[in-house]
There are 2 protein chains.
Amino acid sequence: MNANPKFLNATAELDPEAVKTFPKSRKVYVTGSRPDIRVPFREVSLSDTPSAFGAEKNPPVVIYDTSGPYTDPAAEIDIRSGLPELRAKWIEERNDTERLSGPTSTYGHQRKTDPELAELRFNLMRSPRRAKAGQNVTQMHYARQGIITPEMEYIAIRENQRREGLSELLLKQHPGQNFGAAIPAVITPEFVRDEVARGRAIIPANINHTELEPMIIGRNFLVKINANIGNSAITSGIAEEVEKMVWSIRWGGDTVMDLSTGKNIHETREWIIRNSPVPIGTVPIYQALEKVDGKAEELTWEIFRDTLIEQAEQGVDYFTIHAGVRLPYIPMTAKRMTGIVSRGGSIMAKWCLAHHKESFLYEHFEDICEIMKAYDVSFSLGDGLRPGSIYDANDEAQFAELITLGELTKIAWKHDVQTMIEGPGHVPMHMIKENMDMQLKHCDEAPFYTLGPLTTDIAPGYDHITSGIGAAMIGWYGCAMLCYVTPKEHLGLPDKEDVREGIITYKIAAHAADLGKGHPGAQIRDNALSKARFEFRWEDQFNLGLDPEKAKEFHDETLPQEGAKQAHFCSMCGPHFCSMKITQDVRDYAASQGISEQEALNKGMQEKAVEFVKKGAEVYQKA
Amino acid sequence: MNANPKFLNATAELDPEAVKTFPKSRKVYVTGSRPDIRVPFREVSLSDTPSAFGAEKNPPVVIYDTSGPYTDPAAEIDIRSGLPELRAKWIEERNDTERLSGPTSTYGHQRKTDPELAELRFNLMRSPRRAKAGQNVTQMHYARQGIITPEMEYIAIRENQRREGLSELLLKQHPGQNFGAAIPAVITPEFVRDEVARGRAIIPANINHTELEPMIIGRNFLVKINANIGNSAITSGIAEEVEKMVWSIRWGGDTVMDLSTGKNIHETREWIIRNSPVPIGTVPIYQALEKVDGKAEELTWEIFRDTLIEQAEQGVDYFTIHAGVRLPYIPMTAKRMTGIVSRGGSIMAKWCLAHHKESFLYEHFEDICEIMKAYDVSFSLGDGLRPGSIYDANDEAQFAELITLGELTKIAWKHDVQTMIEGPGHVPMHMIKENMDMQLKHCDEAPFYTLGPLTTDIAPGYDHITSGIGAAMIGWYGCAMLCYVTPKEHLGLPDKEDVREGIITYKIAAHAADLGKGHPGAQIRDNALSKARFEFRWEDQFNLGLDPEKAKEFHDETLPQEGAKQAHFCSMCGPHFCSMKITQDVRDYAASQGISEQEALNKGMQEKAVEFVKKGAEVYQKA
C-alpha cells in the first residue's frame, strides 16, 4: 500500500498536540442498560482544599466530552481504518436496513471503481446500508412509534453529565429564565424519545455513520456548537482534514461541517466520517456545483439527487439544503446593503434567475425526503437569505424564507425526517429575540441553528466576539445549536489557533446560555472553578476551565512558579480577602457555643474584633 | 537634568506604534461658538464605488476619537512638558478658583520639596487650583444654575459625531429598544446641561486637569469604556506608564484608571495626568494603604483625607471610593463562594473588623464631598461587595451595598458632587437586567459603571469574552460605562496586546449596545463598512473597522495581494452573489421604462431571465 505523499503523510499520524489528554483528566465511561451503551465523559481530578480554608477533599468533576477516543489513552487509533463501529449492532438489530453491494449513486460508483483512487481509500470503504423497501429508519420514526433506541438512551446518560456524589454547594444554582422551555431536572430516555417524536429535538445519526457517539440538538438539552472544516485548495492532505476534525472536537465542537471543495472531496469526506465521533454535516450543493465546473445554471435535480445519495451512503448526518430560496423572494434582496451572502443561497438564486423557474430544491422537496428517510439524514434547512449586515437584519427576504422553511418542516415531518432550521447572520441585539420568536412560531419548535448572530459589523478581525455576544443571547432565548465564527471571518481561512479561539468563544456562548436558562447541572463547573479560585488551587482553576493550557500559560507569563501560590491578581484588584477564613472562624465559634451561625455572626462580631487584632489582624492568608 | 534611567528613558519618546495615524485617516476639528472649543474627530477617507456597483463617490466617515493629540501629526508632543492646557482659559474665566502656591496635602508637599525627586518632575509640576472659599466648582453645580459651560458645548459637538453630508443609505438605521432612555436625535449643549443637572450624566473634569478633552458618561450618550493601567512593580519606567495610557486611548479607551502601587506613585500619576486627554480615575485607598505599609487596620480618616487632597490637586477626575462597604454587610459575605474580590472592599472590610466600627468612608462621606466639590472630582461609588463568581451573583451583600450607594448619591447631590455607581462582576445572563433595574431605582438614574459582568466563570484566559457578552447586554439595558477586562483577568498582568484585545472587545460591547438602543448615528459605521465589504473595497472595510491593522493582517495572511481584489471569503460561504448589480440592472431598466422599481422587478423578472442568460449568466462579478 503506497501512500501518495500528496494526499497522506507516510504514517497517517495525528499531531500529538491534538490528542494529548487534558491535565488531571481521564476518560471515564458510564454504561447503560446494555454493555455496548458506554457513554464517555472527561473526569477532572481536583486537589484538596488547603487547611486554611477548611481542609476538605474535592471530588472530581465530570464534564461532557466531545473529543472521542482520541483522548482515551486506552484506545488504539489508526485513521486509515477508522473508529470502532459502536452503533453497528444497534442498527443491525433493528433489521430494517439492507447492506448494499456498493454505492448506488453514479458518482459514488465511479469513484469506487477508479483504480487511481485506490491508495486514498486504505481500509476505509464500507458497504453502505439503506432502508429496506418501504421502511423508514429515522430516529423520529422510531420515536413516534414509541420506541426508545439505544441512541436515545445513550443521549440521556450523556446529557445528565453525571451529577451524583457532588456537594450541595456545587449543585446549587440560580433558577434561570428559559422563556418557556421545559428542561427536566433529570433527562430520561423517555424524555429524549418524546422530544424527538415531537420534532423539538433531532439526533443526527445516519445509519452509515456507525462510528458516531450519539448526541442531541434541541432547546431542552445542552446548547451545542458546530465547527467548520474543509477548504478550497485543490490539493490538501486528507490527513490534515482529519486532524482539523480531531482538533475541533478536542476543544468542544459538538458537530463538524465539512465544507470542502476541490478534488478528492469524496475521499476526503470518507476519511473524516470514518474517523469522526461527532455528527458530520455538509452542504451538498457545493459538491454538485463542482460537478458542473462552477456553472450554477447547469445544475439539475438529477445531479443534485445523485449527490445526496452519494453523501448519504458515506454517512453524512445532516445536509444543509437551501430549499427556502424561492424565485419570488430573490427580488426582495434588491434593496439590501449586502445582498445574498450565503454561497448556497447565491447558487440557487443564480439558477432560478437563469431558468426563471422555481427552485428545484423547493419543487423536489418530497423527493429529497424520500432519500433522507432511507438513511436517516437530518435536514438543516438553509438560510440562504440570511442578512449579511446590520442594515439587512430581519428584513422581508429573511422572514419570507423562514416562513417557507416552516412549511417545509411540516412536509419533512410528514415523512418523519428530522429537521433543524438555520438562522442568521447579522442582527443587532434588540432584534435577536424576534428571530427566536418568529422561528418558534413558524417552525413549530424545530431546533434553531444560527451563525452568531453578529451584533455589529464594525470589527473584522474580531467577529468571533461580535457574534459570540449574539450567539449567547439567542442560545439563552432558545436556540439549540450555534455555528462558530473565527477571528478570520470575512477575511480569510482560519488556522488552528483561529479554530481554537472560535470554538472556545462558542463554548462560552453556549454555556452562558445554559446558565441563563438554568439548565440543571450547568452551574456545577462554574461553582467548582470559583471554589478552586477562592482557595488558590491554581492548577484546579486552570484544569476546570475551557482551555487549561492557555490559562496556565497566561498565569506563568508573569508569575514565577514558586511565587504563584502566594500571588493573587486580577486586573482591577486582588482576591486577598479571605472571607472563607472568617466564615470558618465564625462557624467554628458557633459550633463551640452551640448556637446558630447568624447568632454567632451577631454575637461574634465584637469578640471577633478583639480576637482579630490579637491574632495579628491577618485576614490575608498564606495559602 | 539627569534622566535616571530607572525611571525614564533618555529621550522620553513614545513608541511610534502607539502614535502613528490610522490608515486613510486624518484628525479633523469642529469648532464651536468660540475658537478655543475645537473638538477632535478621526476622519476616514474612502475610495470610490467600482463601476460594476454603480460608480459613486463615498464621502469620508467621521468617527469619535479618544486618541488625543498623539495621532495629530500637526501636534508637537513632549511628554516631559505635558499636553496643551486647553481648558485653562475656561476655568480662569469662571473666576471661582484660586491658584495655590503649592500642594496643600502633607504628602504632596513632602514630595515636592524632596530634592531627590526633582529629576522625575521635569516641566510637569503645576501649581494646583482650588475653589475659592464658599465656591462650588462642579459641572453639576454650574448645570443646576442654568449655566452651559464650554465643556458642555464641547461635549454636545463630540456626541453628535458629525453626521452632515451623509447619504440616506448610510443614515438609515433600526429604531432600537432603549428601555425608556431618552436619547434625542441631535445632542444640544442645553440637553447636556440638563442631563448633568439631574445627575443622569457626569462630566469628569477636575479643574486641575486642564489638558482634558471633555467627555460625558450617561445613559443618554454613547456608551463609554474604561481601560486600566498601572502595575505593582516597585520600579517601573514612568514613560512606560504614559505609553500605556497613550496605547489605551489609541484603541478607544474613553477614560483610563491608574491603579499603580509601589514607589513614586505620585510622580507617575503626575506624568500620566499631564499627558492625558481623557479623564483619569484612581482608587485613593490603594495609595493610602501604601502609606501605612499595607496594614489596613492602621488606616485613618486623616491619612485618607490627605490622599484625596493630594490626588485632587494633581487633577484626578474621579475617585473610586468604597463607602458602601458597611460593617453590618460584611457578615453577609460569609456564605459566599468567593467572598470579597474587590481590593478596596477587602481593605475596608479588614479595617471595619479590626476596629469593630463603621467604615470611616461612610462616616466621613460629607467631609469627602467638601473636598470633591472644591476641585470637581466625581465620585465613582465603589462596588466593594460585588460578586466574584456566578454563585454569588445578585446576593444580599451586593444589593445591600447598592442601596447604600443610592443613599450616598443623594448626599453627594446635596453638594452638587457628580456621581456614578460601580457595578458587577460575575452575573449570569438572566440576572443582568435586575442589576440595571435595581440601580436605576435606588440610585435615581445616576450613571452605572460596571466591570463586565462575566456571564460564566469557566473560561480563564478568555474573560474579555465572557464579560464582553454581559457588558454588551448591560450597556444595552442602560449602563453608561463599561470597565474593560483583558484575557489576563484572574491570571496575571496584561501586556500591550492584551490591552488592545480588551479594549477592542469593549468597544464592540459598547457599540453593540449603542445599536441595540438605536443611538442616533450609531449605525453609520456599520452601514459604511458593510457597503465597502459588499463592493469589495477591502481597504475601506479594514479602515472603517475597530482595528484596521489586524483586519488587514488577517486578510493578507492567506490571500496574495494581487488576488485579493478577486477573492472573496468567509468561513461559511463567499459573498460572490452580486445582487447589487441586479439591483442596478433593475433600477436602470425601471428608469428607461419610466416605471417604479417594484413594477420593474415584477415586470423585469421574465425579461431579465432571457437577458441574463444571453449575457453569459454571469452573476459572479469581477470587482
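Per chain, numbering begins at 1; letters A, B, ... match sequence-line order.
Within the 4.5 angstrom heavy-atom criterion, only side-chain atoms of B:L529, from C-beta onward, approach chain A. In this structure, the portions of A:L169 lying under 4.5 Å from any heavy atom of chain B include both its backbone and its side chain. A:L515 touches chain B through backbone and side chain together, each having a heavy atom under 4.5 Å away. Contacts of B:D495 with chain A are made by side-chain atoms alone, with heavy-atom separations under 4.5 Å and no backbone atom involved. Both the backbone and the side chain of B:Q177 come within contact range of chain A, judged by heavy atoms closer than 4.5 Å. B:M431 touches chain A through its side chain: at least one heavy atom from C-beta onward sits under 4.5 Å away, while N, CA, C and O do not. In this structure, no portion of A:N394 lies under 4.5 Å from any heavy atom of chain B. B:P487 touches chain A through backbone and side chain together, each having a heavy atom under 4.5 Å away. For a residue to count as touching a neighbouring chain, one of its non-hydrogen atoms must lie under 4.5 Å from one of that chain's; by this rule B:A393 touches chain A with backbone and side chain alike. Looking at B:E553, there are no atoms closer than 4.5 Å to chain A (heavy atoms on both sides), in backbone or side chain.
Most heavy-atom pairs under 4.5 Å with chain A: of the set B:L544, B:T456, B:D392, B:D498, this distinction falls to B:T456. With chain A as the partner, the residue from B:I458, B:L454, B:I432 showing the most heavy-atom pairs under 4.5 Å is B:I458. Highest contact tally toward chain A, considering only B:A459, B:G176, B:G468, is held by B:G176 [criterion: heavy-atom pairs under 4.5 Å]. By number of non-hydrogen pairs under 4.5 angstrom with chain A, the leading residue of B:P175, B:G461, B:P548, B:P428 is B:G461. By number of non-hydrogen pairs under 4.5 angstrom with chain A, the leading residue of B:H511, B:K507, B:E557 is B:H511. For the set B:G388, B:P460, B:G545, the entry with the most heavy-atom pairs within less than 4.5 Å of chain A is B:P460.
To the nearest 0.5 Å, the span separating CE on A:M337 from NE2 on A:H426 amounts to 12.5 Å.
Taking both residues in full, the closest heavy atoms of B:I469 and A:A509 are given as CD1-CA, 4.5 Å, listed atom of the first, atom of the second, then distance. Minimum heavy-atom separation, A:T455 to B:A512: OG1-CB, 3.7 Å.
Cation-pi check for B:R343 over B:Y286 is met; the charged atom lies under 6.0 angstrom from the ring centroid and within 45 degrees of its normal. In this structure, B:K552 is not positioned above the aromatic face of B:F542 in the sense of NZ or CZ being under 6.0 Å from the six-membered ring centre and within 45° of the axis.
Results of the side chain to side chain donor-acceptor pair (under 3.5 Å) test with A:N527 over A:R525, A:Q523, A:K531 single out A:Q523 as the only residue that passes.
A side-chain donor-acceptor contact under 3.5 Å links A:T466 and A:D463.
Side-chain contact between B:L327 and B:K357 is absent, with no heavy-atom pair separated by less than 4.5 Å.
Applying the side-chain hydrogen bond (donor to acceptor under 3.5 Å, both in side chains) rule to B:H464 yields no partners; only residues at least two apart in sequence or on another chain are considered. Scored by the salt bridge (charged side-chain N to carboxylate O under 4.0 Å, His left out) test, B:E298 finds no partners at all (sequence neighbours excluded).
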